[in-house]
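By convention in this document, chain letters (A, B, ...) are assigned in the order of the sequence lines, proteins followed by strands, and residues within each chain are numbered from 1.
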2 protein chains.
Amino acid sequence: MAAEPRDDVAPATSPPQRRLVTMKQVAELAGVAPSTVSRVLTGAATSVSISDETRRRVLASAEELGFRPSRLARGLRGSRTALLGLLVRDLRYPLHQSLVDAIVREAHDRGYHVVIGSTDGLDADQHELERILETRMVDGVVVVGGLDDLPGLVDELYRERIPVVGLGLGSRDGHIPIVRSDNEAGARLAFEHLAELGHRRLAVVVAGVHPEIVDRRDVFLAAAAAAGITVPPAHVIDVANRTDAAETAVAPLLASSARPTAVFCTTDMVARGVLRAAQRAGIGVPDGLSVVGYDDQEWAADWWPSLTSVRQDAWGLGSTAVRLVLEAIDDPSATVPFRDWLPVRLEVRASTGPARPDPVGGTERGD
Amino acid sequence: MAAEPRDDVAPATSPPQRRLVTMKQVAELAGVAPSTVSRVLTGAATSVSISDETRRRVLASAEELGFRPSRLARGLRGSRTALLGLLVRDLRYPLHQSLVDAIVREAHDRGYHVVIGSTDGLDADQHELERILETRMVDGVVVVGGLDDLPGLVDELYRERIPVVGLGLGSRDGHIPIVRSDNEAGARLAFEHLAELGHRRLAVVVAGVHPEIVDRRDVFLAAAAAAGITVPPAHVIDVANRTDAAETAVAPLLASSARPTAVFCTTDMVARGVLRAAQRAGIGVPDGLSVVGYDDQEWAADWWPSLTSVRQDAWGLGSTAVRLVLEAIDDPSATVPFRDWLPVRLEVRASTGPARPDPVGGTERGD
DNA sequence: TTGTAAGCGTTATCAA
DNA sequence: TTGATAACGCTTACAA
């Protein structure tokens, strides 16, 4: 039987799917008005005061009934939903996963839930955004990566008066606060490390066109130039931020006689591709080739050889972003710091070593 | 001054933080009643029909104003919030990260947003759950891992009439649908692989006490027994599902003269610990020791040596779980399949090889 | 075929 | 110090 026995006093509409404790019930039990319950529970110290007796009764009743205020109703009424929107460019990028972890936990610590949206599909971006906004459920938004690919994003969020903070591979010149690591320092650390090891024939693998990536490349090249080292254009390889793409793209370079003795990779994912390509080409790392990565992503220390990499503080990045959005939510008129540079450090591992006087297996013939 | 200049025609309350298009405005522009707009927009084929002319005007007005229905109001009114709760036991466990990715994308494809909650802190579990429920915002919940650690979870969700589906390391005997891989087949595959390679001195590293993990152990041991192989209790090592814990725990085993020639690890994370311990002990893998993992987590193929592992279909697991919850949401009276076994397969890589006649470096003295 | 009105649970304003 | 009341934006009987 699908139908339950009819209840004579059932409400006019279909039986509520979820029986839930409402404020009115608490009020009834406590023998006060709903508004009083609200006042007690919201702890509204606002001007009015409440008799101890009443407060006690209300709290007791709420406790007894297991009352939980509906965030839906609260949100509708105009206050906060305590929901934070999170738009992630690529949920499979290891750094982004760490960021999500950090963001979720920081948000929880501050009493917020996180509504997560992934913008993996290239065209889905706008769509996704609309879905988040459409609900108008979120008090603020953190965008991880790909800010540049969402042209109307900032504007639309701004129009909706929803605070946004960008995180990760975001633009330098947007109109919203962006939390990033100190890419300049990171790229410089990478260069200095290789330079100290005696490397002068360098290459750079550029993982995509995002501003952060480009910054890393530029700073690295500038540092090299300042040290009197020229990196030939053919040694600056543009590639998608994917391991397989990098592996394919650097193969010709490694096969050439003029191949570099060291490679700076702007992300670990492409560094992994370089390691694979070297292995395939029979070039030993670090003896035949030194490789520096960027991100120090999960498990990069377990690769073979373990990867020397510029470590980003994912936890710091995530929690800072959350902190900034929540500040903006709490005080919309306040000016949040426009940008936050988090320090990086170099994790030196087995993928880098001293430059050999002569590249192993190199011939004089170029191509 | 905190107070803003007064606006004579301002609404009684403080100025709405977010100006938004409401249904009433659409109705006004279209020259119809709000209810009509609702009918048109919800596509309510329910009994009533609407004149083409009206429908056209409503749609045009909605489009022109950029109207987006408030999910808040909808949810409050009793319908769906289109929000899916996601409770993740450990957001840093690589398999869980893949599951989150799959879940988020599947949910999006089906028009749902995902509210994510992490239950990393051991005591925060109940707290977290309460927070998700407290909002009563979610139409359903997917719980990834750790279902057993949340005693009251199922009951409470059941009481709230919120559909739940468990995923991953969940209990076998709960009262809710659980989506899992075929652990039996996985453990058997692992054993058969090692047996074919001639291994008879086996060990098992058990990563925690979750039912799935225990199942893998039991099936592996049973298969061994059936093949006439006894795994001594000292070779069954219980350990937390962490790399460092595993590394420490197996060190004595590897140092013993009676050490196994092959180890079955119930997760890749502990397999990584075993690989490290072997490396530290100077035991070559796979020559001195074969290692099989479980999960085939991200990057395990890039370890050294690359890990032979039982691959779980994270994508299939995630999307199936979402499918089941949404089915339950759409039809609360329907009976969803109680359990779903997803197939696994063995990825054979470099960490397993034929058993040596005599364990390398073994002595006769035990300890 | 469409409009009217009530109500979802909460909070803010006003009056008592 | 507290209670009644009116929104918030939407859906859905019921009436027209």
Under 4.0 Å from OP1 or OP2 of D/dG3: is there any side-chain N or O of A/T36 that close? yes
Over how many whole Å does the gap from A/R74 atom CZ to D/dG9 atom P extend? 18 Å
Distance-only donor-acceptor test (3.5 Å): side chain A/R77, base D/dA7: yes
Identify the two heavy atoms, one from A/L83 and one from A/Y112, that lie closest to each other, and give their separation to 0.1 Å. N-CD2, 3.8 Å
When you measure from the side-chain N and O atoms of B/S38 to the phosphate of D/dT11, is any distance below 4.0 Å, counting only OP1 and OP2? yes
Residue set satisfying side-chain hydrogen bond (donor to acceptor under 3.5 Å, both in side chains) with B/R55, at least two apart, ordered chain then number -> none
Using every non-hydrogen atom in the two residues, find where B/V141 and B/V325 come nearest and quote the distance to one decimal. N-CG1, 3.8 Å
In whole angstroms, how far is the P atom of D/dC8 from the CG atom of B/L76? 14 Å
Within the side chain of B/D139, is there an N or O that forms a donor-acceptor pair under 3.5 Å with the backbone of B/T81? yes
Any N/O donor-acceptor pair, B/R39 side-chain to C/dG3 base, under 3.5 Å: yes
Would you check if there is a donor-acceptor pair between the side chains of A/S35 and A/S38 at a distance under 3.5 Å? no
Do any of residues 23-34 of chain B sit with a heavy atom less than 4.0 Å from DNA chain C, and if so which? B/G31, B/V32, B/A33
Within the pair A/T22 and C/dC8, is there a side-chain N or O less than 4.0 Å away from OP1 or OP2? no
Figure out the CG/P separation between A/L72 and D/dT11, and round it to whole Å. 13 Å
For B/S35, which contact category applies under a 4.0 Å heavy-atom criterion: base, sugar-phosphate, or nothing? base
